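What follows is a single structure, written as structure tokens, with notes after it.
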Amino acid sequence: MSRYYNAQKLEIKEIESQILNILKEHNVPGAGVALISKDSVIWTGALGQRDVKNNIPVTNNTLFGIGSISKTFLGAATMLAQEKGKLDINDPIEKLAPSLEYRNQWNNTNPIRLVHLLEHTSGFDEAHFHLFAQANSSTPFSEVMRMSKKSLETRWEPGKYFEYNTFGYITAAYILEQNIDSSFEGFVKQNILLPLEMNEATFYPRHSITSNFSKGYTGTNFEEIPFSDLPQWPAGALTTTIVDISNFVSMLLNNGQFKGKQILSPPSIKRMETPETSLQAQAGVKYGYGKGIWGKIEKGHLFYGHSGRYGGFLSEFGYSRDLDIGYAILINNDNSGNAIKAIKSVLLSSVEKPLNNAEIQSSENTINQFREITGFYQPITSITQLGQIGYFLYRLIDMPIIKEENGQIYQSSILGDKQILQHVRDFLFTNPREPLATSAFVEVQGGNWQWLTNDASYKQIPMWWGYTQFYLALICILLIITGFISLLFWISIGLIRKKRANLKLQLLPFFALCSLIGMIVSIVLFYDPEKMYSLGAILFFAFGWLFFALSIIPRFV
């Protein structure tokens, strides 16, 4: 055990009691929780109910959906295929899957490689909504790819920027299946699940609906959520028990070894943990998203892991090789992220913070040389299916300012709040609470800078342009509010004066505005991407035509 972690301080009965209180406080029916060391599983807990209506308890054999943790298994399967000589993750995808149709305008100089898909740096867009209405887990990968031509278009040079992208992992599963002698599911089962004694684990939802499968819930009233049958199953639909996922975490903690068997080689595990392709990684940031594993800081220590959300479930696992400790948390309410945090806090309550920030090498005075990186920054990456208007709004919402004050660099917003950026070395910075560099500033052609973090990528823009965008948007919002108030005022005046003819003309733009609001409400509250003709889609269509008609009628009256 590490000097920063003392398992002897743990009282198992006290842990169970605290977690049960957390479940009750956060309206979580049931959970599977495990604490793992390199040599053994310290504790496994099956707590609460897997079926509220029938009062059926969670057991060690209860299956939970683990959502995007499925990506970790996909990453492990791809690295194993490379070990077996089936493929090379550095190969261009056009070599690994010649029949795949995609568009990359930088293909001659910078082709998309399989490693880009695994590290979310391909530049591909996320899956578009129509895919979920037209496909499910039974749809062949080739058909899913055919339906997703708009998603298979790069938005920036492959390997430059990180943006979390589930569709990239669906594509990776398709490419993996093209290079092995079995189905994707069969390869994962034979080479990972069964060797790890994960005998109950399965990807397909319909195979998981057994007597041991937990129901998924949402909200405080325990509303049941059907386990979605979606085409992204390789990246989100794995189901497993707390005992089985503990075996997987133990294997990762032991550098690929489980009960004396080497499932994955230590170099493969290391590559899964390490980001390589992004500009941020190349600039020297040592941790972030690797190949299905995400580096993160817990109590000042570097942990590796992943989290997931799918079909009424939330999940998370993590491990620290330095501390010789790992954990897994599975819960059956997808609206209880705070419960995950609270349970994790209990499991890691015996972890002590390190005494110093070993990586930080420079003093505050050295920051003066970095004044050229100050200014407004706006996002480079975005979800294109939001459209240009969505991207414009996203830019205004997420527009940080880098400032220098008295030799210290700060990240702030236009509203005035700020946070210190601690200089590490070169152009690497970190949050003062974290021991490793978390972001990098990279100079690009033309002398401008890009700020690359573990969550997003930004480009430097002039101060005047940042303020101009913000205040123009503010003026537009004020004009809309003023116009709406004026419209209501004149309609009220019309009603008082009882000028019926004029009132009709005044009511038309009012109802047009109501139709526009109806379009927004339809998408936000009633749209269901899993259905081709959901209530939200029908209302959006109806309100859209009504808005159009009410907007042009006054021109002809």
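Note that this is a predicted model, so its numbers are computed, not measured. This chain uses plain numbering: 1 for the first residue, then up along the sequence.
- Between the side chain of Gln82 and the backbone N or O of Ile89 there is at least one donor-acceptor pair closer than 3.5 Å.
- Of the possible polar contacts, one joining the Asn247 side chain to the Leu196 backbone as a donor-acceptor pair under 3.5 Å is found.
- With hydrogens and angles disregarded, a donor-acceptor distance shorter than 3.5 Å links the side chain of Asp229 to the backbone of Ser137.
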ring-ring contact (aromatic ring centres under 6.0 Å, His included) between His120 and Tyr169, worked out: CA-CA 8 Å; His120 300 293; Tyr169 264 70; 5.1 Å; yes
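- Side chain of His306 to backbone of Thr72: no donor-acceptor contact under 3.5 angstrom is found.
- Side-chain contact between Asn199 and Leu194: present, with at least one pair of heavy atoms (C-beta onward) separated by less than 4.5 Å.
- For Ser250 (side chain) and Ser246 (main-chain N/O), no donor-acceptor pair under 3.5 Å exists by modelled atom type.
- The shortest distance between side-chain heavy atoms of Tyr217 and Val52 falls below 4.5 Å.
- Taking the ring axis of Tyr410 as reference, the NZ or CZ atom of Lys418 stays within 45° of it and closer than 6.0 Å to the ring centre.
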Chi angles and distances behind the side-chain contact (heavy atoms from CB on, under 4.5 Å) call for Gln257, Met251: CA-CA 5 Å; Gln257 191 174 94; Met251 181 270 291; over 6 Å; no
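- No donor-acceptor pair under 3.5 Å is formed between the side chain of Ser457 and the backbone N or O of Ile380.
- Crowding of Lys344 atom NZ: a count of heavy atoms from other residues, nucleotides or ligands under 6.0 Å exceeding 12.
- Looking only at side-chain heavy atoms (C-beta outward), Ser315 and Phe64 stay at 4.5 Å or farther from each other.
- Within the 4.5 Å cutoff, the side chain of Thr239 has no heavy atoms near those of the Ile66 side chain.
- A donor-acceptor pair under 3.5 Å is absent between the side-chain atoms of Gln422 and the main chain of Asn431, judged by distance alone.
- The closest side-chain heavy-atom distance from Leu193 to Phe73 is below 4.5 Å.
- Two residues are said to be in side-chain contact when any heavy atoms from C-beta on lie closer than 4.5 Å; Thr438 and Phe429 fail this criterion.
- Here the side chains of Thr59 and Arg50 are not in contact, with every heavy-atom distance at 4.5 Å or above.
- Side-chain atoms of Thr62 do not come within 3.5 Å of backbone N or O of Ser214 as any donor-acceptor pair.
- Surrounding NZ of Lys261 are more than 12 heavy atoms belonging to other residues, nucleotides or ligands, all under 6.0 Å away.
- Each of Phe132, Tyr310, Phe227, Phe203 was compared with Trp233 under the ring pair (Phe, Tyr, Trp, His ring centres under 6.0 Å) criterion, and only Phe203 meets it.
- Side-chain contact between Glu224 and Lys215 is present, with heavy atoms from C-beta onward closer than 4.5 Å.
- Shown here is Asn221, whose CG atom has no more than 12 heavy atoms of other residues, nucleotides or ligands within 6.0 Å.
- A salt bridge is defined here as a Lys NZ or Arg NE, NH1 or NH2 lying under 4.0 Å from an Asp or Glu carboxylate O, and Lys296 with Glu316 meets this definition.
- Using modelled atom types, no side-chain atom of His26 and backbone atom of Asn333 make a donor-acceptor pair closer than 3.5 Å.
- Salt-bridge formation is detected for the pair Arg321/Glu273: a Lys NZ or Arg NE/NH1/NH2 atom is positioned less than 4.0 Å from an Asp or Glu carboxylate oxygen.
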